[in-house]
Number of protein chains: 2
Amino acid sequence: MSPYDPSAFPPFAVTVDLVVLTVRRHALCALVVRRGEAPFQGRWALPGGFVRDDEDLGAAAARELVEETGLCVHDPGALPPAPGKGAHLEQLATYGDPRRDPRMRVVSVAHLALAPDLPAPRAGGDANSARWAPVEELLHEGEPAGEAPAGEDRPEPLAFDHAQILADGVERARSKIEYSSLATAFCPPEFTVGELRRVYEAVWGVVLDPRNFHRKVTGTPGFLVPAGGTTTRQGGRPAQLFRAGGATLLNPPMLRPEV
Amino acid sequence: MSPYDPSAFPPFAVTVDLVVLTVRRHALCALVVRRGEAPFQGRWALPGGFVRDDEDLGAAAARELVEETGLCVHDPGALPPAPGKGAHLEQLATYGDPRRDPRMRVVSVAHLALAPDLPAPRAGGDANSARWAPVEELLHEGEPAGEAPAGEDRPEPLAFDHAQILADGVERARSKIEYSSLATAFCPPEFTVGELRRVYEAVWGVVLDPRNFHRKVTGTPGFLVPAGGTTTRQGGRPAQLFRAGGATLLNPPMLRPEV
DNA sequence: TCAAAAGTGTTCAGCATACACCCATGG
DNA sequence: CCATGGGTGTATGCTGAACACTTTTGA
């Protein structure tokens, strides 16, 4: 019964699972990978893996993120933001129901990553084993009951409790862009006010007034800093380019319109 | 290398640690227990323990809470609030640095509990092994550097990484009472507007305008429901008694004054 | 009568909203 | 010339901050 006795406590497997979100074609998308083995073989799941013996939880999540997407993690303190493609990474929640994995007792420390739009997912070179899927499709959002169109099959639900983890991650992202500058993590290093607005619109699923949005974000000190150039990639009048400023907390917050 | 092979992943011990907060004598206090064994023998620590083999994380935290305080957990869905003394309990974050426990690899899933003022802590009947300590004292808040008075010793720091866990829990509580009705978890079943205001003042360490606070909380639908009686336990004009209403989200939020 | 706490009414400033309007580009 | 998106100005309404004032008890 000494505290050093390994038989005094039950052994657990500890994993990290990743909710990696991005905005593609005006839709909030999550990275999912195809499971190659039982249980849930062939089903889509969140990327993840075992935490190594000498590894911190955040380091394990960052390692999995690099392995799955090639993204490096923004160190919040380090400036300039990152040499390569960077992403935001934070711990989300921990899931430990005794029956969440039929094989053994697994506790999963879920992490949330926000990434700019990437060319294509890579998962060991196999293009068919990883994809960006709209979260609306993965979570069947906006389908009260049996509202599925006759012709379309409902997609298979995610493996394990990953639908719950994904829902929690999406909810966290939706609420956190209200009062923080986190939405810039969905944008490339330089972006326009309109691009940032389309991020908010995609994540929240709403339409925002472009004029008031512009005044709000440019009027909040430290949120955006001018990058110097302009671009016309959206058509219309050229737009100023900005970089994310140092401010992380938005006060007053960006208000999410009623649903 | 089969997924069923227990040697394919390193075994972890999984614990729950509790940040139990209450408001006593106008100060935010946390429950700490004296460690009876190495490491950190004799030092104060957050209450906690191993998760059992067949137990969910939230259930383990609720069990520890009952063992340490006798408090039952409010089921958010169940009404009336609770038969006995109830408390709010939610998952906080997970701490898994490889060196956080010198004995072995321990991952701790910290939980945050908010409780009304209790007569006295009980920990196995030993009155000297558990106490409510002001968080300001435990975290040395507001002491820039070497500002400690000559006569007073700085209290011993908490064991393990519990100072960080406590700081995270306090920060969570401080921000969450802004936009939720969670502050009522610090109050007895029936309470006055003034008592609720003193909770906000203690948790935030600020002074609020009693008149505007009164209008704010009584004007938010679903936040407070009249309980019928009045009390004069604070002196002065008798105050109406209220119970916590069903609303959990405050919109617009209670604004925390600048520091 | 006074102190103390509970409530109510009123004014003012800041910010979100809505929308009219102008600017600069591509086709 | 027109469509498209970028950006500015302005009126309106809501709400939080500040504070004068009344109410109701105990000492």
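To find a chain, count down the sequence lines: A is the first, B the second, and so on, and within it residues start at 1.
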From CZ (A:Arg198) to CG (A:Leu208), nearest 0.5 Å: 11.5 Å
Kindly give the atom pairs (protein nitrogen or oxygen, nucleotide nitrogen or oxygen) under 3.5 Å for nucleotides 24-27 of chain D.
| residue | atom | partner | partner atom | Å |
| --- | --- | --- | --- | --- |
| D:dT24 | O2 | B:Arg237 | N | 3.3 |

Rounded distance (Å) that lies between atom P of C:dG14 and atom CG of A:Asn251: 15 Å
Per-nucleotide protein contact string for nucleotides 11-18 of chain D (B base, S sugar-phosphate only, - none; heavy atom under 4.0 Å): -----SBB
Euclidean distance, B:Thr22 OG1 relative to B:Leu114 CG, rounded to 0.5 Å: 9.0 Å
Below 4.0 Å: OP1/OP2 of D:dG6 and any side-chain N or O of A:Arg198: yes
Pairwise distance CG(A:Asp17) to NE2(A:His162) - rounded to 0.5 angstrom: 4.0 Å
Exceeds 12 heavy-atom contacts within 6.0 angstrom, atom CZ of A:Arg25: no
Short side-chain to backbone donor-acceptor contact, A:Ser175 and A:Arg172, under 3.5 Å: yes
Value rounded to 0.5 Å, distance of CG in B:Leu241 from CG in B:Leu224: 11.5 Å
Short side-chain to backbone donor-acceptor contact, B:Glu195 and B:Thr192, under 3.5 Å: yes
Separation of C:dT25 P from A:Gln240 CD (nearest whole Å): 13 Å
Geometric cation-pi criterion A:Arg131 and A:Trp44, 6.0 Å radius, 45° cone: yes
Full working for side chain to side chain contact (heavy atoms under 4.5 Å, CB included) between B:Glu90 and B:Leu182: CA-CA 11 Å; B:Glu90 67 179 47; B:Leu182 218 57; 4.3 Å; yes
Gap between atom CZ of A:Phe213 and atom CE of A:Met254 - 0.5 Å precision: 4.5 Å
Rounded distance (Å) that lies between atom C1' of D:dG6 and atom CG of A:Leu196: 14 Å
Distance, rounded to the nearest Å, where A:Gln234 contributes CD and D:dA3 contributes C1': 15 Å
Sugar-phosphate, base or nothing in reach of A:Arg197, heavy atoms under 4.0 Å: sugar-phosphate
Whole angstrom value for the distance that separates P of C:dA18 from CZ of A:Phe213: 16 Å
N/O donor-acceptor pair under 3.5 Å between B:Lys176 side chain and B:Ala183 backbone: no
N or O in side chain of B:His214 less than 4.0 angstrom from C:dG7 OP1/OP2: yes
For nucleotides 11-13 of chain C, print each protein N/O atom paired with a nucleotide N/O atom at under 3.5 Å, atom names and distance only.
none

Separation of atom CG in B:Leu208 from atom C1' in C:dA5, rounded to whole Å: 16 Å
